[in-house]
Each structure stands twice: as structure tokens, then as C-alpha cells.
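Just below is one structure, and these are the notes that go with it.
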There are 2 protein chains.
Amino acid sequence: MQDILFDFISKYVSLTEDEKNAILSLDIFRSVKKGAILLKEGQKSQDNYFVLKGCIRKYYIIDGEEKTTAFFTEMEGLTPHCAINNAPSEYFISCVEDTILIVANTDMGVELNTKFPKFQLMCGVLSEELLAKQQINFDEFKTSSPEQRYMNLLQKRPDLIQRVPQHQLASYLGIKPQSLSRLRARIVEKNKG
Amino acid sequence: MQDILFDFISKYVSLTEDEKNAILSLDIFRSVKKGAILLKEGQKSQDNYFVLKGCIRKYYIIDGEEKTTAFFTEMEGLTPHCAINNAPSEYFISCVEDTILIVANTDMGVELNTKFPKFQLMCGVLSEELLAKQQINFDEFKTSSPEQRYMNLLQKRPDLIQRVPQHQLASYLGIKPQSLSRLRARIVEKNKG
DNA sequence: TTCATTTCTTAACTTTAGTGAACGAATTTA
DNA sequence: TAAATTCGTTCACTAAAGTTAAGAAATGAA
């Protein structure tokens, strides 16, 4: 399990045994059941999540309706807004599947960063990468229709379409489940004719 | 003009005269006319932009149509994706109004950062702030209808509605200019009834 | 397994956005 | 200033998404 983590880190910085042990000693690995809720609206938490295996989901409840805005799968990390500004969370985080996570709070991060400046370097790179990815995603979302968004997702994250319930996917695409069903039927129809 | 910059910076770190002079010696201030294009699709550039006064706009041309995805006004900065990965730009950047900018390329940044670690600190904070803002914006966009997005904009950035042409605003909201006109008429109608 | 709940799809109807065209107003350009 | 272009709005029509409801399929719990 730890190997997955160290393989990932090795893409950014190389670690000594000391450093690896420092990470392991933090006891950060968590195994979480499908459906479990990691963070609730209104809750304060310092925890950051990094998915080693499985899938977690970020969603709001607006007018009693779940609005899913993001999924995080293998090798993707999530720093909840509430962990940055120490305010109650505006959203929920839950597990789409049985998931193996790294859960690290901000203090741990600070501790590691001061002991091993390498980490700070890696975090900088990661956050820059993330910002860039985020911006491109947003632009793509804005400039395309629901149907295009679905086709795009089919190309870029085909796994999501398999592993995530339709109604969660729908709200991720900014539409209702019924519209997603219809839209899919429409696409099949086009490919026939 | 420089005062605007130093006032802004002073919110994050305090600068010595030396440091201020180091910044000024870079000769980074640019005055740009309305309509001027700062970056074109396909072009490579290392330049980052920071708006001191005025407004710049980021847009794609997709199937011959302009798709505006962002506006940057006073005290907002833009690091084009092409400046990070040294690839041709996928989008354009142009001036919505006569604008006073700071234009800094990546080398300058590196030079300042090594001379004055303070800057690196500030950049870290800024990029974290930006990422958080970006994520909230994206979530809001995804979870709301065009009409809600317009109402939201009216609250959060009323200045944009005044200073930006309607058709650019429309595509920023993810709709066509005709739909924005109609939507506005609809809102007025509601407030009458 | 059986029952209950959740999920997905379909359908009819409503609302809203996209499209193409027209027109006046505002802005540019010659 | 005059002509040309761009811009914003309106209209009629089309296409797509929202809404409400119903039923089938899949999932989960007792």
C-alpha cells in the first residue's frame, strides 16, 4: 500500500529511507467503506485527503438536492476549503467506493515541510499543476454544452462513467439525471442513423 | 502608479526600499490601449500579467466564435498556461479597456525570488488563495443556472456588467448574447409583477 | 430470500437556451 | 461627416434541459 504512495512521490522528489520512515510514522493511511462520509457541511476540519485507491466525491446540498462538483480517484488529492480558512465546510465529502486514503492534517504538513524542505518544493509544484489543470477544466466546462461535456468525459475519464452512479455524474455535468439519460439515448440514436 | 502595486504587496509582505527598487528596476509597467491583443492563440510567451488599472480578458476562438472564460480587473493576475508548460497558447488575451499592467516573465520571477525569498512566500500564498477562489467559482458555476449566474455576478462583480460588452459577458456566463438579453428582460418582468 | 429503497429510464409537458433574421443604436473607420 | 461595422435587442422557431410522474431494474437490509 505504501509503495503506491512512494511511487507517486518519486515522480516529484526522491526520498531517503529516513524521509520515508518519517512519513510512515505519521500513521496516515485510512481504509474507508463505500458511502462513508469524510466531511460534512458545517463541520470544521484540518484534514487533507489523497486517494491511493478508490474514489471520493465532493458535493453540496442545495435546496435539499445533492450537487456533485468533483470526483477524486487514484493519485488525486483534495484540500478542503475549510482546512485552509478554518471555517465551517460548505460541502460534503464521501466515498463512492471502498477507498484507501492518506489523511493528513495541516499540522503534519507543516511538520514534514520544516523537517524536509523537499516536501514544500513538491507541494509547490503540485499546487501549480493543480491550478493549471483546474483552469483548463473550468474553461472546457464553460465553453461546451452538456452533450459535449459528456463526450469529453467519455474520452478523458472513461473510468468515472463506469464507477460512478449516473445521478452523481449528471450533476457533475451540470444537468439532471433525466437529462443525462435522454442525452445518452440521443447519442446512441445519432450513431445508428 | 507604482504606489498601487506596493499597496497591494504590503498586504502580504512588507518591503524594504532596496526591494522596492529591485522591482522598479525591472521596468515592468506597461500601458495598453483598449482592444490590444497581449497574447494570441498558437503563440509562445513567458509573460505573466497583473492588472493595476483596467480590465483584460481571456478568450478562446472555437468554430470561429469567441468564447470568453475570464476577466481580470484591478489587482488580479494571470499566468497563462503557455508560460508554465512552454507550449503554444490555446487562447487569446486582450484588453477590454485602456489598461495599466505589470508584465513579468518567468525569468524575472525567478530572479526576484532568489534575491528576495519574501516574494516566493507571497507567491505561494497568492497561488493558494487563487486556487481556493477558482474552486469556489467553478463549483458555483456548475451548481447554478445561467440566470442564477447572472444574478450572482450582479452581486459579486457589478462593475463587470458595466464595463464589459454584453456579448462577452454572455459567453462568460456560458450562453449566447440573445439569451442574455432575454434573461435580463425576464428578470425585469419578474420584478415588476 | 424477501421487502424496501435507491437508481435508471421513459414519457408528456413546461421552461429556457440556441438559431437565424431583422432593426435601430452605438462605435469605428475612412 | 458619412459610411461601415459592431453591438444589443426583439421575434419566431427549433432544440435541449427542467419538472413531474410512473414503472422497471438494481441494490441493500432484514
Side-chain angles (χ1 to χ4, degrees), chain A residues 33-37 55 57 59 61-68 71 92 94-98 141-154 160-190 192-193, chain B residues 33-37 55 57 59 61-68 71 92 94-98 141-154 160-190 192-193:
Chain A
K33 282 273 163 225
K34 173 174 175 177
I37 293 182
C55 177
R57 157 184 164 248
Y59 63 99
I61 294 188
I62 298 173
D63 298 331
E65 259 190 307
E66 278 188 14
K67 304 266 192 179
T68 298
F71 296 101
F92 296 79
S94 79
C95 292
V96 174
E97 311 168 342
D98 290 356
F141 192 92
K142 264 193 189 169
T143 59
S144 56
S145 66
E147 188 171 324
Q148 290 170 321
R149 278 175 221 149
Y150 178 76
M151 295 304 276
N152 197 29
L153 197 67
L154 211 51
L160 270 193
I161 291 170
Q162 298 308 319
R163 65 209 287 195
V164 165
Q166 295 293 313
H167 67 282
Q168 291 174 10
L169 264 188
S171 100
Y172 180 65
L173 294 170
I175 57 177
K176 302 286 164 185
Q178 296 92 321
S179 298
L180 178 55
S181 269
R182 184 165 40 196
L183 180 159
R184 288 163 56 120
R186 202 161 63 217
I187 290 172
V188 170
E189 205 51 42
K190 276 183 195 166
K192 265 195 216 157
Chain B
K33 281 273 163 222
K34 173 175 175 176
I37 293 182
C55 178
R57 157 185 164 249
Y59 62 99
I61 294 189
I62 298 174
D63 298 330
E65 259 190 307
E66 277 188 14
K67 303 267 191 177
T68 299
F71 296 102
F92 296 79
S94 80
C95 293
V96 174
E97 310 169 340
D98 291 356
F141 193 92
K142 265 193 188 167
T143 59
S144 58
S145 66
E147 187 170 325
Q148 290 172 320
R149 279 175 219 150
Y150 178 77
M151 296 303 276
N152 197 28
L153 197 66
L154 210 55
L160 271 193
I161 290 170
Q162 299 308 318
R163 66 208 287 196
V164 166
Q166 295 293 314
H167 66 281
Q168 291 174 10
L169 264 188
S171 98
Y172 180 66
L173 294 170
I175 57 177
K176 303 284 163 186
Q178 295 94 321
S179 297
L180 178 55
S181 270
R182 183 166 40 195
L183 181 158
R184 287 162 57 120
R186 203 162 62 216
I187 291 171
V188 169
E189 205 50 42
K190 276 182 194 165
K192 263 195 216 158

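Every chain is numbered from 1, with letters handed out A, B, ... down the list of sequences.
As a whole-Å value, the separation of Arg186(A) CZ from dG18(C) P is 13 Å. In this structure, Glu147(B) atom CD and dT14(C) atom P are separated by 20 Å, rounded to whole Å. A straight line from CD1 of Ile161(B) to C1' of dG8(D) spans 15 Å, rounded to a whole angstrom. Atoms NZ (Lys33(A)) and P (dG28(D)) sit 12 Å apart, rounded to a whole Å. Glu189(B) has its CD atom 15 Å from the P atom of dT15(C), to the nearest Å. The CG atom of Leu180(B) sits 13 Å away from the C1' atom of dC7(D) (whole-angstrom rounding). The OH atom of Tyr150(A) sits 17 Å away from the C1' atom of dA17(D) (whole-angstrom rounding). Rounded to whole Å, the distance from CD on Gln148(A) to P on dA17(C) is 17 Å.
The side chain of Lys176(B) contributes no N or O atom lying less than 4.0 Å from OP1 or OP2 of dG20(C). Contact check, Lys34(B) against dT28(C): a side-chain N or O comes under 4.0 Å of OP1 or OP2. Side-chain nitrogen and oxygen atoms of His167(B) include none within less than 4.0 Å of the OP1 or OP2 phosphate oxygen of dT6(D).
Look at Lys33(A) and Asp98(A) and you find a salt bridge, because one of the NZ, NE, NH1 or NH2 atoms lies within 4.0 Å of a carboxylate O, short of that distance.
The aromatic rings of Phe92(B) and Tyr59(B) lie parallel to each other, with less than 30° between the two planes, well short of the 60° mark.
A donor and an acceptor atom sit less than 3.5 Å apart, one in the side chain of Arg182(A) and one in the base of dG18(D). Not a single donor-acceptor contact under 3.5 angstrom links the side-chain atoms of Arg184(B) to the base of dG8(D).
For Ile175(A), taking side-chain heavy atoms from C-beta onward, the closest of the listed nucleotides dC8(C), dA17(D), dG8(D) is dA17(D). When distances run from any side-chain atom of Gln178(B) to the nucleotides dC11(D), dT9(C), dG18(C), the shortest one goes to dC11(D). In this structure, the nucleotide among dG8(D), dA17(C), dA17(D) sitting nearest to the side chain of Pro146(A) is dA17(D). Residue Ser181(B) has its side chain nearest to dT10(D) when only dG18(C), dT9(C), dT10(D) are considered.
Thr68(B) contributes no side-chain N or O that, together with a main-chain N or O of Ser171(B), makes up a donor-acceptor pair within less than 3.5 Å. Between the Arg57(B) side chain and the Val96(B) main chain, no donor and acceptor come within less than 3.5 Å of each other.
Atom CD1 of residue Ile62(A) and atom OG of residue Ser144(B) lie 8.0 Å apart, to the nearest 0.5 angstrom.
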